[in-house]
There are 2 protein chains.
Amino acid sequence: MEYTINKLAKMAGVSTRTLRFYDEIGLLTPARISSNGYRIYGPKETDRLQQILFYRELGVPLEEIKKILSSDDFDELAALESHLSAMLARRNQLDLLIANVEKTIRAAKGEMIMSDMEKFEGFKKKLVDENEQKYGREIREKYGDEAVDRSNAKFMGMSREQYAEFEKLTAEFHETLKAAYEQGDPAGELAQKACELHKKWLCFSWGEYSREAHIGVTQMYVEDPRFTAYFDRIAPGCAPFLRDAVQIYCR
Amino acid sequence: MEYTINKLAKMAGVSTRTLRFYDEIGLLTPARISSNGYRIYGPKETDRLQQILFYRELGVPLEEIKKILSSDDFDELAALESHLSAMLARRNQLDLLIANVEKTIRAAKGEMIMSDMEKFEGFKKKLVDENEQKYGREIREKYGDEAVDRSNAKFMGMSREQYAEFEKLTAEFHETLKAAYEQGDPAGELAQKACELHKKWLCFSWGEYSREAHIGVTQMYVEDPRFTAYFDRIAPGCAPFLRDAVQIYCR
DNA sequence: TGTTGACATTAACGTTACGTCATAGTTTAT
DNA sequence: ATAAACTATGACGTAACGTTAATGTCAACA
């Protein structure tokens, strides 16, 4: 089935200006130009527009979309599965924000106290994770870690070097925590070093560091299954260990 | 608690450039400027930034956000509840897109056939509903229907007049369908008029009209609970009636 | 105290993804 | 035949920042 520009635009929920722009930048070229000079779009273009809109929905810049769709090894099914994964993640992040609004409503009603940091729960993590999902593994493999890391760094307001430092610190913290946990002494030198690294790690995002908050966040790691699962991937069961170590560190 | 610009930016997941820009446009003014010329943000500004980010998350333009937050009758609790409502709707719309991706995956695997129109399910409706949720009732009441309708029309690629016509047609179709259903004759003059109006209504979004598609979409109204619920609000049980009438109309 | 790196300022240019308007040719419906 | 709808290209403008340059201030360390 073929469409003129207005028909396709209406069906897809975009403007004709958008479609002309996409033609102009080579993102979506019509199947042919009819004798009167009109753009005619076919089934191939219709499907391509759908893919474009999925990527656009996920916030992928148009130039990136163009690269992805135009590469020789573009795999439609893999892309669709990647969109599904990204959209499910988007929904999870939206859940975080919904929880934040709900919590803020309760705070506004005086039912609870909310820290300044909690007030922004979901915005920052959303940014980093959103970016990761937008690009996904497919993009990392295609364009390399550098492009993705640069983008992540941008979102976190860091330079590329700072971000690399952050990642290095993360890795060091994980290694040290694992080693300390295997050693088994929360008061030991290794565990206290892990606490120091954890403090540095936290300070990459926190506006203010406090001992109470440090203790509190490690308690949260134990109580919230999402965080426990995160730490279980470092070493199963190490979240309570970290909490114990931090309690000693902060005393 | 007070923050300098970098501290607040980091905590909130925005750039310092963003905060300076917001200061420049009067959206978020620091609590004070310290003796060295630095911006200092306090609790009031922290809360305001949270509200800004919620609105931004919902796609509200910054100038609109500024108007909303600065009006004398801004009600924080009501705004938060509006955000919650909007975000729940966003999640619902995301569900539509997720369903679309899943369906497209099945189509790509050859498990089903998908119409061109179905391929864009969720994009167009999302746009209109997203806009409605962004502004919500609060905004309609504050700035009037005109601003919202203008915005809706923009999203649907229609002029304001076309959009008004569309809404009028929608209302007429609903009234006629209700009346025809109460009359009870799918072949009757009133029912066939409803079918004609329904055809016009569909043609506002469809690139191509066909009798088969018309019959098919009314069948979908009967089979898909979301659509049945939509039509039940017009008159309970009228979706099968419309299907029967359209089958006669298209014969 | 001096030095260096981090933090902060303002100014200004650039980017992305279109929206809007003007002008003019083509198609469709009456 | 005529008017309305559809289509084209060209061009200016916009929102929301990102990036870079130049420079002052603060904090930590030797």
Side-chain angles (χ1 to χ4, degrees), chain A residues 2-10 12-28 30 32-41 52-53 55-57 59-67 127 150-151 153-162 165 203-204 207-208, chain B residues 2-10 12-28 30 32-41 52-53 55-67 127 150-151 153-162 165 203-204 207-209:
Chain A
E2 292 191 334
Y3 304 98
T4 54
I5 194 165
N6 196 27
K7 292 210 157 91
L8 183 62
K10 272 192 159 188
V14 298
S15 65
T16 53
R17 177 72 182 99
T18 298
L19 291 180
R20 285 191 202 98
F21 180 64
Y22 289 174
D23 185 8
E24 182 188 317
I25 63 172
L27 179 58
L28 182 65
R32 59 188 174 90
I33 306 295
S34 59
S35 56
N36 55 8
Y38 286 11
R39 293 170 175 83
I40 305 295
Y41 298 89
I52 289 167
L53 294 182
Y55 278 116
R56 194 178 77 160
E57 175 66 25
V60 182
L62 298 185
E63 270 302 315
E64 296 283 353
I65 297 174
K66 184 178 158 190
K67 280 182 197 165
L127 286 172
R150 190 165 55 239
S151 189
K154 181 173 69 170
F155 279 119
M156 285 182 77
M158 300 182 194
S159 69
R160 177 159 173 67
E161 287 73 31
Q162 284 173 330
E165 189 187 335
C203 290
F204 260 93
E208 293 284 333
Chain B
E2 292 191 333
Y3 303 100
T4 54
I5 194 165
N6 196 26
K7 289 204 155 93
L8 183 61
K10 272 191 161 192
V14 298
S15 66
T16 54
R17 178 71 183 98
T18 298
L19 293 181
R20 284 191 202 99
F21 181 64
Y22 289 175
D23 185 11
E24 180 189 319
I25 65 173
L27 177 58
L28 182 64
R32 59 188 175 90
I33 307 294
S34 61
S35 55
N36 56 8
Y38 287 10
R39 291 171 176 82
I40 305 296
Y41 298 90
I52 289 166
L53 294 182
Y55 279 114
R56 194 179 77 160
E57 175 65 24
L58 296 166
V60 182
L62 298 185
E63 271 300 317
E64 295 283 352
I65 297 173
K66 185 179 158 189
K67 280 183 198 163
L127 286 172
R150 190 165 53 239
S151 189
K154 183 173 69 170
F155 281 117
M156 286 182 75
M158 301 183 196
S159 68
R160 177 159 171 66
E161 287 72 32
Q162 283 172 329
E165 188 189 335
C203 288
F204 259 94
E208 293 285 333
Y209 171 84

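Computed from a predicted model, the values in this text were never measured in an experiment. Both backbone and side-chain heavy atoms feed into the values below; hydrogens, waters and symmetry mates do not.
- As rounded to whole Å, 11 Å separates atom C1' of D:dC6 from atom NZ of A:Lys10.
- Here B:Thr4 does not reach the OP1 or OP2 of C:dC7: none of its side-chain N or O atoms lies under 4.0 Å away.
- OP1 or OP2 of C:dA8 sits under 4.0 Å from a side-chain N or O of B:Asn6.
- Each of A:Ile40 and B:Ile25 was matched to the nucleotide of DNA chain D holding its nearest heavy atom; the match closer to the 5' end belongs to A:Ile40.
- In this structure, A:Ile65 CD1 and A:Tyr22 OH are separated by 6.5 Å, a value rounded to the nearest 0.5 Å.
- Residue A:Arg39 places at least one side-chain N or O closer than 4.0 Å to OP1 or OP2 of D:dT9.
- Summarising the geometry, atom CZ belonging to B:Arg17 is positioned 9.5 Å from atom CD1 belonging to B:Ile5; distances are rounded to the nearest 0.5 Å.
- Put simply, A:Arg17 has no side-chain N or O that comes within less than 4.0 Å of OP1 or OP2 on D:dA8.
- Along DNA chain C, the nucleotide nearest to A:Glu63 and the one nearest to B:Tyr41 differ in position, and the one closer to the 5' end is contacted by B:Tyr41.
- Rounding to whole angstrom units, NZ of residue A:Lys7 and P of D:dT7 are separated by 7 Å.
- B:Tyr22 places its OH atom 9 Å from the P atom of D:dG18, with the value rounded to the nearest Å.
- Expressed to the nearest 0.5 Å, how far CG of A:Leu27 lies from CZ of A:Arg56 amounts to 10.0 Å.
- Protein atom OH of B:Tyr3 is 14 Å distant from nucleotide atom P of C:dA8, rounded to whole Å.
- Applying the 4.0 Å criterion to OP1 and OP2 of D:dG24, one finds that B:Asn36 has every side-chain N and O outside that range.
- Close to C:dG19, at under 4.0 Å from its OP1 or OP2, lies a side-chain N or O of A:Thr18.
- Side-chain contact between A:Asp23 and A:Arg39 is present, with heavy atoms from C-beta onward closer than 4.5 Å.
- For B:Arg20, no side-chain nitrogen or oxygen approaches OP1 or OP2 of C:dC7 to under 4.0 Å.
- The distance from atom CD of A:Glu24 to atom P of D:dA8 is 13 Å, rounded to the nearest whole Å.
- Rounded to an integer number of Å, the gap from CG of A:Leu8 to C1' of D:dT7 is 14 Å.
- Across the protein-nucleic acid pair, A:Ile5 atom CD1 and D:dA5 atom P stand 18 Å apart, rounded to whole Å.
- Close to C:dG19, at under 4.0 Å from its OP1 or OP2, lies a side-chain N or O of A:Ser15.
- The side-chain heavy atoms of A:Thr4 and A:Ile40, taken from C-beta on, include a pair separated by under 4.5 Å.
- Residue A:Tyr38 places its side chain closer to C:dT27 than to any other of D:dC26, C:dT27, D:dC17.
- Separating the CZ atom of A:Phe21 from the C1' atom of C:dT15 is a distance of 11 Å, rounded to the nearest angstrom.
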